[in-house]
Amino acid sequence: MTHAEEVDQSAPAATTEEYDDLRGQRLQKLLRLVEQGVDPYPPRFQRTHTAAEARLAFEQGGAGEVSLAGRIVSMRIMGKASFCHVQDGSGRIQLYFRQDVMGDRYQSFRSDLDIADFIGARGTLFQTRTGEVTLQVQEFVLLAKALRPLPEKWHGLTDVETRYRQRYLDLVSNETVRQVFQTRSAIVGAMRCYLNTHGFIEVETPILQPLYGGAAARPFETYHNALDRRLFLRIASELYLKRLIVGGLDRVYEIGKDFRNEGVSTTHNPEFTMMECYQAYADYNDMMVLVEEMLASIAREVLGTLQFPWKGHTIDLTPPWRRVTLREAILEESGIDYDRYPTADALAKRMVEARLTVVRGTPRGKLIDELLDTYVEPKAIQPTFLLDYPVELSPLAKKKPGAPGVVERFEGFVGGIEIANAFSELNDPLDQRERFLQQRADAAAGDDEAHQMDEDFVVALEHGMPPTGGLGVGVDRLAMLFTDQHSIRDVILFPQLRSQG
RNA sequence: GGGCCGGUAGCUCAGUGGCAGAGCAUCUGACUUUUAAUCAGAGGGUCCAGGGUCCGAAUCCCUGCCGGCUCACCA
């Protein structure tokens, strides 16, 4: 909407009462400026420095005349001289306005501008009595009038719901929030850099899929009108990336959104960012090394160190990480050796003895997963690989030679969070078909997260896939870890919320 | 889905049965190096919504909505 339309709506009732609110007062100022021929939203302004660049230039011996631009975040108006701070993407800098320097324009600053407006200002830099580098303004111009005020200057914006729903206010008023998202961006950048320099090529695979697969999860459904076809939003990119390995792209990766139709929590958002990579002629041991090196590389790049704080602990990403089999880890933390309970019933009975609540009929694989979640995951603060998972949980992983019922799979945990999941990829098409059939049986038995039979994928494997290591890394969780944020909503700009009541 | 906590001015929050409050922000006035500027004054409310109890409800009760934490669910 243009301000002209606002005029039409409001002008007939332009009494003092009509403008007796914060937005109204600002609107009135805007209309007054328009009457004076001022464009409150001019198309451009040429600045010579950012706030940070200006400060640096001054400290390195003066910068002469500079032009700055930013949002007014505070004002101190005192008679014939005034100060304000403006904020741009690089930080804040103070502006100083004097009537004897600026003449009539000084009154305009006092009466036309508000906190939250964007302005551009030209002048020279100096240091105040207390040493703050400040721009003595010769001339300024309004760049964008704000009709609504900013959150309070001291406490900022703390209401969690408003922070998520109006993230821009959160970003304007909370410096640490800006830093978190800058760090997140740097993490993704460093991840790309690591993979690119290690021979991986970045690819993009379908988000709209006729069959969903690559993980155990319920999908979102959608519908394509022209094709008259039901489609699913992907829950993983795995099956498409492995088709590319079949096709001879020996090292591929994708960083993108997955969608899982599940509840929300401090560690789950329905759409989240996943990095998956696949490397031909590698196995899960190679992927472990890749995880160690990649995370160390990202930490060095983004944090400048391999040690960083997390929930009061100090995480140390220095390779190599601890390696322990899933069976040993669970035995160590719970005293339960699941190998001694080869059936679901026997294991469930043992877990009930350990005072765990067990839902009747839970498959053995899910029971083991529950032991992992309950006993091992919260303790895995320092980087840990758990390896060799039960085959029931991993329909896409290759069986470990000489170890019946076990697949070559690991999960990487840091800070008590699952960060990575990888395996030696199953490339035996006959075995893969059997696994899918088993999943179909699970689905028939009521498992609504069971894998679908993906005949097209099996055909791809029948054309031959080399031995391959595959890896998934949760980018949101990595961002949580590196920024010491304990809710996934604080590393996702616009987390999923209920519709507003 | 269960339990607990919360929703009051633009923002941050007090107020637990008796006139709707404070700080910041806003408006008016004073003030030429302030920086949570200061000083004097003023305006600003769907107390989340609906219902109930009561002479009287922001406050007590019920229902609903939204949010947070947590448990369950969930690679």
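Here the C1' atom of nucleotide B:G67 and the OH atom of A:Tyr164 are 10 Å apart, to the nearest Å. Taking atom CG of A:Leu157 as the reference point, atom P of B:G67 lies 16 Å away to the nearest angstrom. Distance A:His155 NE2 to B:U12 P: 10 Å, rounded to the nearest Å. Per the geometry, CD belonging to A:Gln94 stands 10 Å off P belonging to B:A37, to the nearest Å.
Base contact: A:Thr128 has a heavy atom under 4.0 Å from a base atom. Among the protein residues, A:Tyr96 comes within range of the nucleic acid bases, having at least one heavy atom under 4.0 Å from a base atom. At the heavy-atom level, A:Thr266 lies under 4.0 Å from the strands shown only through sugar-phosphate atoms. Residue contacts shown for A:Arg218 are absent, as no nucleic acid heavy atom lies under 4.0 Å away. When heavy atoms are screened at a 4.0 angstrom cut-off, A:Ile77 is found touching base atoms of the nucleic acid. Residue contacts shown for A:Arg409 include a base, since a base heavy atom lies under 4.0 Å away. Backbone-only engagement by A:Asp159 is indicated by non-hydrogen atom pairs under 4.0 Å involving sugar-phosphate atoms exclusively. Across all strands shown, A:Glu132 has heavy atoms under 4.0 Å from base atoms, whether or not it also approaches the sugar-phosphate. Residue A:Gly472 is classed as having no contact, given no heavy-atom separation below 4.0 Å to the nucleic acid.
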Nucleotide by nucleotide, 5' to 3', does protein get under 4.0 Å of the base (B), only the sugar-phosphate (S), or neither (-) in nucleotides 4-10 of chain B, counting heavy atoms? ------B

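The partner of B:G17 is absent, by the rule that a Watson-Crick or G-U pair needs both atom distances under 3.5 Å. Judged by Watson-Crick or G-U wobble contacts below 3.5 Å, the nucleotide B:C69 has B:G3 as its partner. Pair assignment for B:C39: B:G29, on the basis of Watson-Crick or G-U wobble contacts that are both within less than 3.5 Å. In this entry B:U63 has B:A49 as its Watson-Crick or G-U wobble partner, both defining distances falling under 3.5 Å. Base pairing annotation: B:C11 forms a Watson-Crick or G-U wobble pair with B:G23, both donor-acceptor distances under 3.5 Å.
Here B:U33 is the nucleotide among B:A37, B:U33, B:C31 with the atom lying nearest to any side-chain atom of A:Arg98. Checking B:C27, B:C74, B:C66 against the side-chain heavy atoms of A:Asp373 singles out B:C74 as nearest. Between B:A25, B:C69, B:U33, one nucleotide has an atom nearer to the side chain of A:Met78 than all others, and that is B:U33.
The ring-ring contact (aromatic ring centres under 6.0 Å, His included) test with A:Phe109 is passed by exactly one of A:Phe83, A:Phe97, A:Tyr96: A:Phe97. Among A:Arg71, A:Lys145, A:Arg23, the single residue meeting the salt bridge (charged side-chain N to carboxylate O under 4.0 Å, His left out) criterion with A:Asp114 is A:Lys145.
Contact check on A:Lys80 versus A:Asp100 returns no salt bridge, with no Lys/Arg side-chain nitrogen under 4.0 Å from an Asp/Glu carboxylate oxygen. Look at A:Asp345 and A:Lys349 and you find no salt bridge, because none of the NZ, NE, NH1 or NH2 atoms lies under 4.0 Å from a carboxylate O.
Note that NZ of A:Lys366 is 13.5 Å distant from CG of A:Leu372, once rounded to the nearest 0.5 Å.
Put simply, the side chain of A:His268 and the base of B:C74 share a donor and an acceptor less than 3.5 Å apart.
Counting all heavy atoms, side chain and backbone alike, A:Leu393 lies closest to A:Asp369 at CD1-CB, 4.1 Å.
When the nearest nucleotides of RNA chain B are assigned to A:Ala217 and A:Trp154 by heavy-atom distance, the more 5′-ward of the two goes with A:Trp154. Toward the 5′ end of RNA chain B lies the nearest nucleotide of A:Ile115, the other residue of the pair A:Ile115 and A:Arg110 mapping further downstream.
Judged by a 6.0 Å distance limit and a 45° cone about the ring axis, A:Arg364 is not positioned over the six-membered ring of A:Tyr338.
Taking the six-membered ring where tryptophan is involved, the planes of A:Phe410 and A:Tyr284 are tilted, since the angle between them lies from 30° to 60°.
Comparing B:G44 with B:C11, their C1' atoms are spaced 14 Å from each other, to the whole Å.
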